[in-house]
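Here is the structure we will look at, set down as structure tokens.
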Amino acid sequence: MLKVDRRSLKSQEAIKKAVIELMSEKSFDDITIQDIADQANVNRRTIYLHYLDKYDLLDKLIEEHIEELKRLCELETEVDSLEGDATWFLYFEQHYSFFSAMLASKGAPFFRSRFLDFVTDDIKNGWDMSEGKRQGIDEELLIQFISPAYVGIVEWWFINDMPYSPQVMGKQVGMLLENNLS
């Protein structure tokens with residue numbers, strides 16, 4: 001097993017936290033490596049030891065969260081779908097800084113696209129579309145209708161400072177999905 005240097009992990013966490021904090025203040029395109037280094041209290045060389053550039057840093061940060069959402073999806077298959085939706089919203093709440101920076105107007109448009117692809121794949125691979133098909137709705141059209149709606153509701157929740165708890169959001173979104181899929 002590969003032993004990871006704790007200082008290296010600490011630096012990486014500081015760098016990730018710094019870029020998220022900066023994205024809440026300004027557009028990703030306006031953030032420089034020097035800005036990130038200053039915010040993280042590391043030198044530029046430390047950033048380049050871990051990442052090729054700021055885009056590589058953003059890609060890796062996004063991928064970490066997408067991978068965690070995938071893991072949660074795998075766990076959801078063992079739980080009631082209404083509870084599963086609350087699990088996602090709990091995760092979103094726990095990582096508020098990241099998701100609000102990514103989904104708010106100053107966030108990275110690439111994340112929205114990546115998140116939409118993830119939701120679409122999750123629906124394609126794990127949702128029962130049989131009722132929609134029985135009603136004569138093309139499966140691909142149903143997926144393309146639900147995926148952006150789900151992403152849109154998550155965006156709305158962040159943009160409006162999470163006006164409902166994760167449990168309420170999970171239940172409400174779950175009921176919307178249940179009513180339109182079954």
Side-chain angles (χ1 to χ4, degrees), residues 16 19-20 23-24 27-29 51-182:
K16 290 177 205 172
V19 78
I20 291 168
M23 286 180 70
S24 70
S27 168
F28 182 74
D29 289 336
Y51 307 100
L52 298 173
D53 54 26
K54 70 178 188 176
Y55 300 100
D56 183 47
L57 165 59
L58 183 63
D59 287 345
K60 287 185 171 133
L61 189 56
I62 289 170
E63 199 54 38
E64 280 179 26
H65 285 282
I66 295 294
E67 286 303 315
E68 185 59 22
L69 287 169
K70 283 180 186 175
R71 191 186 71 71
L72 289 173
C73 285
E74 291 168 7
L75 295 174
E76 277 180 25
T77 58
E78 302 166 10
V79 218
D80 179 301
S81 67
L82 294 179
E83 289 178 34
D85 287 318
T87 301
W88 273 38
F89 281 96
L90 284 166
Y91 183 78
F92 296 147
E93 180 186 53
Q94 290 168 350
H95 300 280
Y96 175 82
S97 297
F98 172 78
F99 286 104
S100 63
M102 292 295 143
L103 294 170
S105 59
K106 294 179 185 173
F110 174 71
F111 175 76
R112 188 185 194 286
S113 173
R114 183 73 177 89
F115 185 49
L116 179 60
D117 289 345
F118 164 72
V119 170
T120 301
D121 288 344
D122 182 53
I123 292 170
K124 282 181 181 176
N125 297 323
W127 292 27
D128 180 10
M129 300 286 168
S130 56
E131 184 57 33
K133 286 189 226 175
R134 268 197 298 281
Q135 293 177 20
I137 302 172
D138 179 79
E139 184 174 329
E140 187 61 27
L141 287 177
L142 191 55
I143 291 167
Q144 294 307 316
F145 178 77
I146 293 171
S147 299
Y150 194 93
V151 171
I153 230 151
V154 172
E155 284 177 318
W156 172 87
W157 191 56
F158 279 106
I159 289 167
N160 290 287
D161 296 321
M162 301 186 307
Y164 302 105
S165 72
Q167 294 80 5
V168 168
M169 286 301 291
K171 184 175 182 178
Q172 294 284 306
V173 169
M175 288 177 1
L176 282 167
L177 294 171
E178 291 284 326
N179 289 339
N180 289 293
L181 292 176
S182 14

- Item | Lys54 and Val19, any side-chain heavy atoms less than 4.5 Å apart | no
- Do the side chain of Asp138 and the main chain of Glu140 share a donor and acceptor less than 3.5 angstrom apart? yes
- Message: If you apply the rule side-chain contact (heavy atoms from CB on, under 4.5 Å), what do you find for Leu61 with Ile20, and how did you get there?
- Response: CA-CA 9 Å; Leu61 189 56; Ile20 291 168; 3.7 Å; yes
- Query: For the atom pair CE (Met169) and CD1 (Ile153), what is the distance rounded to the nearest 0.5 Å?
  - Reply: 5.5 Å
- Message: Rounded at 0.5 Å granularity, tell me how far CD in Glu63 sits from CG in Asp56.
- Response: 11.5 Å
- Is any side-chain heavy atom of Arg112 closer than 4.5 Å to a side-chain heavy atom of Met102? no
- Does the side chain of Phe89 come within less than 4.5 Å of Val173's, by heavy atoms? yes
- How many angstroms lie between atom NE2 of His65 and atom CG of Leu72, to the nearest 0.5 angstrom? 11.5 Å
- Tyr51 six-ring centre to Lys60 NZ/CZ under 6.0 Å and within 45° of normal: no
- Hey, are the side chains of Leu58 and Met23 touching, using non-hydrogen atoms and a 4.5 Å cut-off? yes
- Item | Contact summary for Ala101 and Ser24, nearest pair of heavy atoms | CB-N, 4.4 Å
- Message: Run the side-chain contact (heavy atoms from CB on, under 4.5 Å) test on Phe118 and Phe115 for me, step by step, so that the C-alpha distance in whole Å, both residues' side-chain angles and the decisive distance to 0.1 Å come before the verdict.
- Response: CA-CA 5 Å; Phe118 164 72; Phe115 185 49; 4.2 Å; yes
- May I ask you to check whether Phe28 and Phe110 place their ring centres under 6.0 Å from each other? no
- Test: Arg71 and Glu68 ion pair at under 4.0 Å: yes
- Tell me, do Arg114 and Asp59 make a side-chain contact under 4.5 Å, heavy atoms counted? no
- Note on the structure: Rounded to the nearest 0.5 angstrom, the NZ-CG distance for Lys70 and Asp121 is 7.5 Å
- Query: Which value, rounded to the nearest 0.5 Å, describes the distance between Lys171 atom NZ and Ser165 atom OG?
  - Reply: 10.5 Å
- Query: Between Glu64 and Lys16, is there a salt bridge with N-O shorter than 4.0 Å?
  - Reply: yes
- Query: For the atom pair CG (Leu141) and CD1 (Ile146), what is the distance rounded to the nearest 0.5 Å?
  - Reply: 11.0 Å
- Note on the structure: Taking every heavy atom of Pro148 against every heavy atom of Ile143, the minimum-distance pair comes out as CD-O, 4.2 Å
- Sorted by chain and number, sequence neighbours left out, side chain to side chain donor-acceptor pair (under 3.5 Å) with Tyr55 holds for none
- Message: Centre-to-centre under 6.0 Å for Tyr96 and Trp157, is that the case here?
- Response: no
- Query: Can we call the ring centroids of Phe111 and Phe98 under 6.0 Å apart?
  - Reply: yes
